[in-house]
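Input: a single structure, listed below in structure tokens.
Since we're looking at a predicted model, the values are computed, not measured. Atoms considered below: every heavy atom in the structure, side chains included; atoms not considered: hydrogens, waters and symmetry mates.
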Amino acid sequence: IREGIRFDYLLADSWFTCTDIVRLIKSRHIRCHYLGMIKMSRTKYRFEGKMMSAKELVKLLKTRKAIRYSRRLHCYYGEAEVELSGIIVKLFFCRRTKNGDWNGLLTTNTKLDFFEAYHIYSMRWSIEVFFKEGKNLLGLGKSQSRDFAAQIASISITVLQYNILSTIK
């Protein structure tokens with residue numbers, strides 16, 4: 001931020017999504033939004049005056065017929081604008097199969113729709129896939145060299161291998 005690098009979204013996994021981080025992003029004047037997975041646990045959100053957990057919110061959306069199916073993404077989804085400790089956020093819920101587990105996304109950008117949020121978050125997920133496959137299949141991080149340039153070369157070769165293999169696939 002000090003160097004002038006600007007970004008639209010701070011993307012995070014469910015480990016990092018909490019009230020403090022959401023409040024930090026909203027309090028800064030850097031004009032970015034938070035978009036992160038949430039745990040479907042006991043965190044309470046205010047929806048229409050009632051305090052509800054994410055699971056309770058999904059049940060309510062089901063009863064109101066607010067859960068839709070997307071042929072484009074092949075998933076069920078729903079959304080709700082809620083309040084988290086005084087901060088207005090938008091929650092998106094998604095699941096792949098009719099009986100699968102629900103996943104949740106939280107964003108501070110209340111103008112965002114589900115399809116944009118899904119697309120933006122999928123960028124972060126592709127990075128996770130790269131690290132998992134790079135470590136498991138291509139030896140990312142296994143170099144035992146003490147030379148910094150050799151470490152950079154090893155990582156660069158792994159990234160090139162991954163790009164070539166994913167292009168062929």
Residue pair [X] / [Y]: nearest heavy atoms and the distance that separates them:
X	Y	value
E128	R124	OE2-NH2, 2.9 Å
F93	F114	O-CE1, 4.3 Å
I38	S14	C-CB, 4.0 Å
T110	K90	O-NZ, 3.4 Å
I25	C32	CG2-O, 3.7 Å

[atom1] ([X]) with more than 12 external heavy atoms under 6.0 Å:
X	atom1	value
R68	CZ	no
F16	CZ	no
F148	CZ	no

Going from [atom1] on [X] to [atom2] on [Y], what distance comes out if it is rounded to the nearest 0.5 angstrom?
X	Y	atom1	atom2	answer
N103	R95	CG	CZ	11.0 Å
Y118	W125	OH	CH2	10.5 Å
L105	L112	CG	CG	9.0 Å
E79	T107	CD	OG1	11.0 Å
K26	S85	NZ	OG	13.5 Å
Y76	C94	OH	SG	11.5 Å

Joint hydrophobic cluster, [X] plus [Y], side-chain heavy atoms closer than 4.5 Å:
X	Y	value
Y9	V22	no
L138	I155	yes
L73	L91	no
L61	M37	no
I157	I152	no

Test R72 against F115 for side chain to side chain contact (heavy atoms under 4.5 Å, CB included), laying out the working first.
-> CA-CA 9 Å; R72 181 171 59 172; F115 297 103; 2.7 Å; yes
Determine whether the aromatic ring centres of F92 and Y77 lie less than 6.0 Å apart.
-> no
Using modelled atom types only, decide if a donor and an acceptor are shared between the side chain of T97 and the backbone of G100 within a distance under 3.5 Å.
->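 Looks like yes, one N/O pair under 3.5 Å.
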Please answer whether the main-chain N or O of K111 pairs with a side-chain N or O of N109 as donor and acceptor at a distance below 3.5 Å.
->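 Present.
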Give every residue pair that meets the side-chain hydrogen bond (donor to acceptor under 3.5 Å, both in side chains) criterion with at least one member in residues 32-49, sequence neighbours excluded.
->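 Residue pairs with at least one partner in residues 32-49: T17-Y34, H33-T108, E48-R64.
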Of all pairs that satisfy side-chain hydrogen bond (donor to acceptor under 3.5 Å, both in side chains), the ones with a partner from residues 129-155, not counting sequence neighbours =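 Listed once each, the pairs would be none.
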Step by step, would you call E83 with V89 a side chain to side chain contact (heavy atoms under 4.5 Å, CB included)?
-> CA-CA 6 Å; E83 185 179 319; V89 297; over 6 Å; no
Side chain to side chain contact (heavy atoms under 4.5 Å, CB included) assessment of H74 paired with Y69 = CA-CA 7 Å; H74 305 291; Y69 183 75; 3.8 Å; yes
Can you check side chain to side chain contact (heavy atoms under 4.5 Å, CB included) on I21 and C18, steps first, answer last?
-> CA-CA 6 Å; I21 290 180; C18 66; 3.8 Å; yes
Check: L106 and L35 side chains under 4.5 Å, non-hydrogen atoms = no
Heavy-atom check, side chain of V129 versus side chain of Y162, under 4.5 Å =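 V129 reaches Y162 side chain to side chain.
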